Amino acid sequence: MRRLTFWIGLAVSAVALWLAFREVDWDSLGQALRNANYLWLIPSALALLAAMAARAERWRWLLGGRERVSFGQAFRALSIGYLVTNVFPFRLGEVVRPVVVSRGGKVPAMQAFSTIALEHVLDVLVVLAILALVLPGLPLPEGAALGAQRGGLIFGGLAVVMLIVVWQRARAERLASWGLQRIPRLHPDPWLRRFNSVMDGLSVLRSPRLFTASIVWSLGAWVLSAISFHLALIGFAPDAPFTASLFVTATTTLVLLAPSSPGYIGVIELAIQQSLVVFGISDSIGLAYAIAFHAMEFIVMNVAGIVGLMQEGMSWSAMVSTVHQAEVTHEAPAVTE
């Protein structure tokens, strides 16, 4: 199954690259790359680092507050996770990140892992809120607006379900135990422990202080991401409105939910290019900007990840070994004979 997912991701990236380049005039693309003011990538990179810092701070609150995890631990683990996701398939960075942050001993890896799903829900909800602000003024097909509305309903419903499960934890545990015991040859105890670890990770939803801080830092992270996109865009299209960068921020986040190659090559370029077409920016300029921004993002995240590895005292081989160990921990269920 993993091999099939890998090849599907490569195919998606290949098709996305073909779609991005198929109607581009190569002379215009070269001219756009030559005429760009690349100095704007410097403040864009700084804003990207600030957005990563905001996400690390948000993760601290999701993990139970500042008392449990230091900012340095969270930022290093986040950066290492981005590095692994950019280099390896299957988004293994989302497995590595909880393992790295658990090295401090205060947060179990399984509990940290459960916060990743909550992060994704918060991110998509914030992105859908951005789309709700931007879409009414854009000349988009009716189907695109309808898709955003349906996405909002789906993820809003998921958030409500998560809240209900957390608030009714005792009942949820009894229901989970009842269901697991009725699965033939399945040993329920390991799965119940995993379920309880997930519930521990979602317990932030029961604390108004922790949940409010998580929401505030989520908003801050996405505003900084949009600023990073916009600062780089000024170097290619100086007259582009900030709403264009907000729209790019939202669309690139949503397309990353689809399978792709490591580093999301192709899908990001296509999403950025086609998002900017809506604002009257040509395919060539949009693609030139997408290539430059993605390259800058790739370098910044990977350098931060390498520095994080050094600060954690982890070699690359040790990190890869940690990934394999984490995968074994989450693999096939235990069964009774």
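Just so it is clear, the structure is predicted and the values come from calculations on it, not from any experiment.
Under a 4.0 Å N-O distance rule, the pair Arg22/Asp283 does not qualify as a salt bridge.
Note that CD1 of Ile234 and CG of Asp239 are 10.0 Å apart. Values are rounded to the nearest 0.5 Å. Separating the OG1 atom in Thr253 from the NE2 atom in His120 is a distance of 11.5 Å, to the nearest 0.5 Å. Separating the CD1 atom in Ile291 from the CD1 atom in Ile272 is a distance of 10.0 Å, to the nearest 0.5 Å. The CD atom of Gln311 sits 8.5 Å away from the CD1 atom of Ile80 when rounded to the nearest 0.5 Å. Residue Leu83 holds its CG atom at 11.5 Å from CG of Leu92, rounded to the nearest 0.5 Å. Going from atom OH of Tyr264 over to atom CD of Glu297 covers 9.5 Å, rounded to the nearest 0.5 Å.
What you find for Leu287 and Ala20 is that their closest heavy atoms are CD2-O, 3.8 Å. What you find for Phe71 and Glu57 is that their closest heavy atoms are CD1-OE1, 3.7 Å. Tyr82 and Asn302 get closest at one heavy-atom pair: O-OD1, 4.4 Å. Shown here for Ser214 and Trp61, the closest heavy-atom pair between the two residues is OG-CB, 3.6 Å. Summarising the geometry of Val101 relative to Ala112, their closest heavy-atom pair is CG1-CB, 3.8 Å, with the distance given to 0.1 Å. A pairwise comparison of heavy atoms in Leu276 and Tyr289 identifies CD1-CD2, 3.6 Å as the closest pair.
Here the two rings, on Phe236 and Tyr38, have centers that are under 6.0 Å apart.
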Atom pairs and distances, side-chain donor-acceptor, residues 44-56, under 3.5 Å, sequence neighbours left out:
unit_1, atom_1, unit_2, atom_2, d
Ser44, OG, Ser228, O, 2.6
Ser44, OG, Ser228, OG, 3.2
Arg55, NH1, Ser225, OG, 3.1
Arg55, NH2, Ser225, OG, 3.2

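With contacts defined as side-chain heavy-atom distances shorter than 4.5 Å, the pair Phe279/Thr243 qualifies. Using a 4.5 Å heavy-atom threshold, the side chains of Ile281 and Val277 count as separate. Counting only heavy atoms from C-beta outward, the side chains of Leu122 and Leu62 approach each other to under 4.5 Å. No side-chain heavy atom of Arg68 sits less than 4.5 Å from a side-chain heavy atom of Arg60. Side-chain contact between Arg58 and Asp123 is present, with at least one heavy-atom pair separated by less than 4.5 Å. A heavy-atom distance below 4.5 Å is not found between the side chains of Pro262 and Phe88.
Note: Phe298 and His294 have perpendicular aromatic rings, judged against thresholds of 30 and 60 degrees for the angle between ring planes.
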With side-chain contact (heavy atoms from CB on, under 4.5 Å) as the test, would you mind laying out the steps for Met296 and Val300 before giving the verdict?
CA-CA 6 Å; Met296 179 276 291; Val300 169; 3.8 Å; yes

Pair Phe75-Trp59, ring-ring contact (aromatic ring centres under 6.0 Å, His included): steps then yes or no:
CA-CA 9 Å; Phe75 187 81; Trp59 195 28; over 10 Å; no

Set out, in order, the CA-CA distance, both residues' side-chain angles and the distance that settles side-chain hydrogen bond (donor to acceptor under 3.5 Å, both in side chains) for Ser284 and Ser282, then state yes or no.
CA-CA 5 Å; Ser284 299; Ser282 69; 4.9 Å; no

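If you chain together hydrophobic residues whose side chains sit under 4.5 Å apart, Ile265 and Leu270 never meet in one group. Linking ILVMFWY side-chain heavy atoms closer than 4.5 Å, directly or via other members, places Met314 and Ile306 in a single hydrophobic cluster. By the rule that hydrophobic residues join a cluster once side-chain heavy atoms approach within less than 4.5 Å of another member, Val24 and Leu19 end up as members of separate clusters. Grouping the Ile, Leu, Val, Met, Phe, Trp and Tyr side chains by contacts below 4.5 angstrom, directly or via other members, places Val307 apart from Val96.
The backbone N or O of Leu78 lies less than 3.5 Å from no partner atom in the side chain of Arg97, so there is not a single donor-acceptor pair. A donor-acceptor contact shorter than 3.5 Å is absent between the side chain of Thr212 and the backbone of Arg209. Distance alone, capped at 3.5 Å, is enough to place a donor-acceptor pair between the Glu269 side chain and the Gly266 backbone. In this structure, Arg76 contributes its side chain and Leu309 its backbone to no donor-acceptor pair below 3.5 Å. Looking only at distances, a side-chain donor or acceptor of Gln73 sits under 3.5 Å from a matching main-chain atom of Ser70. Between the Ser261 side chain and the Ser13 main chain, no donor and acceptor come within less than 3.5 Å of each other.
Using modelled atom types and a 3.5 Å distance limit, the side chains of Thr249 and Trp222 yield no donor-acceptor pair.
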